[in-house]
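Working notes, beginning with the structure itself.
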Amino acid sequence: MAEIPWTKARIKKAADDSVINEVEKAESGVITAEITGLTSGTVVADGEYYVVGVGMISGVENESVKTNIPGFTVTTSPAPAFDPNGETKPTDAQTIDEIKAWLTAHSIDFSGKTLKADLLALVPAE
């Protein structure tokens, strides 16, 4: 049996085999996919979702054997993305690029500053 070169993955809902998400394989060879649209507190049972690899053999799309996704509970919704144009000031939780973007959006010069602590020191307290 020939090995199938998987080029993408599909997450499917076991109840009806509907596709929840489909992602292409990254250049690194890693496929990362997520189940979206679940609210905080949602309990997902073992096998409620599964993943399959997808590849082509002789021009025909083939799916791998399904692998059940272990159960989990959604604990929190992801935090909203940091908006450098907004009024929320950057903290140590932001990346250097996010801090620089906030400083730029608020017309604060950071020339010569490369360290996170130095950049954060430029953020006005009030």
Side-chain angles (χ1 to χ4, degrees):
M1 181 174 192
E3 186 172 319
I4 298 173
W6 305 120
T7 57
K8 56 187 169 182
R10 287 187 184 130
I11 295 179
K12 293 185 166 188
K13 190 163 187 160
D16 59 6
D17 291 326
S18 60
V19 176
I20 303 300
N21 195 358
E22 182 172 286
V23 294
E24 300 291 326
K25 181 167 55 174
E27 283 185 35
S28 65
V30 175
I31 297 176
T32 303
E34 57 187 35
I35 300 170
T36 59
L38 301 177
T39 59
S40 183
T42 301
V43 177
V44 175
D46 285 344
E48 188 172 338
Y49 294 92
Y50 65 90
V51 65
V52 292
V54 180
M56 300 292 279
I57 297 179
S58 302
V60 177
E61 185 176 89
N62 288 271
E63 288 187 349
S64 69
V65 174
K66 68 182 182 181
T67 301
N68 286 333
I69 296 174
F72 60 92
T73 300
V74 179
T75 54
T76 58
S77 298
F82 179 72
D83 178 10
N85 296 309
E87 293 306 311
T88 302
K89 295 178 181 181
T91 66
D92 200 46
Q94 273 66 57
T95 65
I96 289 174
D97 287 340
E98 288 173 326
I99 298 166
K100 286 180 177 180
W102 189 91
L103 292 169
T104 299
H106 292 83
S107 302
I108 299 172
D109 180 37
F110 56 88
S111 300
K113 307 288 188 208
T114 57
L115 298 176
K116 184 184 273 192
D118 295 339
L119 293 167
L120 286 172
L122 298 173
V123 176
E126 291 296 317

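The basis for the numbers below is simple: all heavy atoms, side chains too, and nothing from hydrogens, waters or symmetry mates. The structure displayed is predicted, hence computed values, not measured ones.
- Nearest heavy atom pair, residue A105 against residue P84, reads CB-O, 3.4 Å.
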Please report, to 0.1 Å, the donor-acceptor pairs under 3.5 Å made by any side chain of residues 116-123, with sequence neighbours excluded.
unit_1 : atom_1 : unit_2 : atom_2 : d
K116   : NZ     : D92    : O      : 2.9
K116   : NZ     : Q94    : O      : 2.8

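- More than 12 non-hydrogen atoms from other residues, nucleotides or ligands lie less than 6.0 angstrom from NZ of K89.
- When atom types are taken as modelled, the side chain of N68 and the backbone of K66 share no donor-acceptor pair closer than 3.5 angstrom.
- Scored by the side chain to side chain contact (heavy atoms under 4.5 Å, CB included) test, D97 finds T95 as partners (sequence neighbours excluded).
- Formation of a donor-acceptor pair under 3.5 Å by the H106 side chain with backbone atoms of E87 is not found in this model.
- At distances below 3.5 Å, not a single donor-acceptor pair connects side-chain atoms of T73 with backbone N or O atoms of G41.
- Note that CD1 of I99 is 11.5 Å distant from OG1 of T104, once rounded to the nearest 0.5 Å.
- Residues forming a side chain to side chain contact (heavy atoms under 4.5 Å, CB included) with T88 (at least two apart in sequence, or on another chain): none.
- Residues satisfying the salt bridge (Lys or Arg N to Asp or Glu O under 4.0 Å) test with K113, not counting sequence neighbours, are none.
- Take K12 and apply the side-chain hydrogen bond (donor to acceptor under 3.5 Å, both in side chains) test, not counting sequence neighbours, and it matches E63.
- Between I69 and I35, some side-chain heavy-atom pair lies under the 4.5 Å cut-off.
- Within the 4.5 Å cutoff, no side-chain heavy atoms of P90 are placed close to those of L103.
- Residue V43 is found outside any hydrophobic cluster, as its side-chain heavy atoms come under 4.5 Å of no other Ile, Leu, Val, Met, Phe, Trp or Tyr.
- Atom CG in N85 sits 11.0 Å away from atom CH2 in W102 (nearest 0.5 Å).
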Donor-acceptor contacts under 3.5 Å from residues 14-22 side chains, at least two apart:
unit_1 : atom_1 : unit_2 : atom_2 : d
D16    : OD1    : S18    : N      : 3.0
D16    : OD1    : S18    : OG     : 2.7
D17    : OD1    : Y50    : OH     : 2.6
N21    : ND2    : E34    : O      : 2.8
E22    : OE1    : R10    : NE     : 2.3
E22    : OE1    : R10    : NH2    : 3.2
E22    : OE2    : K8     : NZ     : 3.3

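- Considering OH of Y49 and CG of L38, their distance stands at 4.5 Å, rounded to 0.5 Å.
- Residue pairs meeting the salt bridge (Lys or Arg N to Asp or Glu O under 4.0 Å) criterion with at least one member in residues 43-56: none, sequence neighbours excluded.
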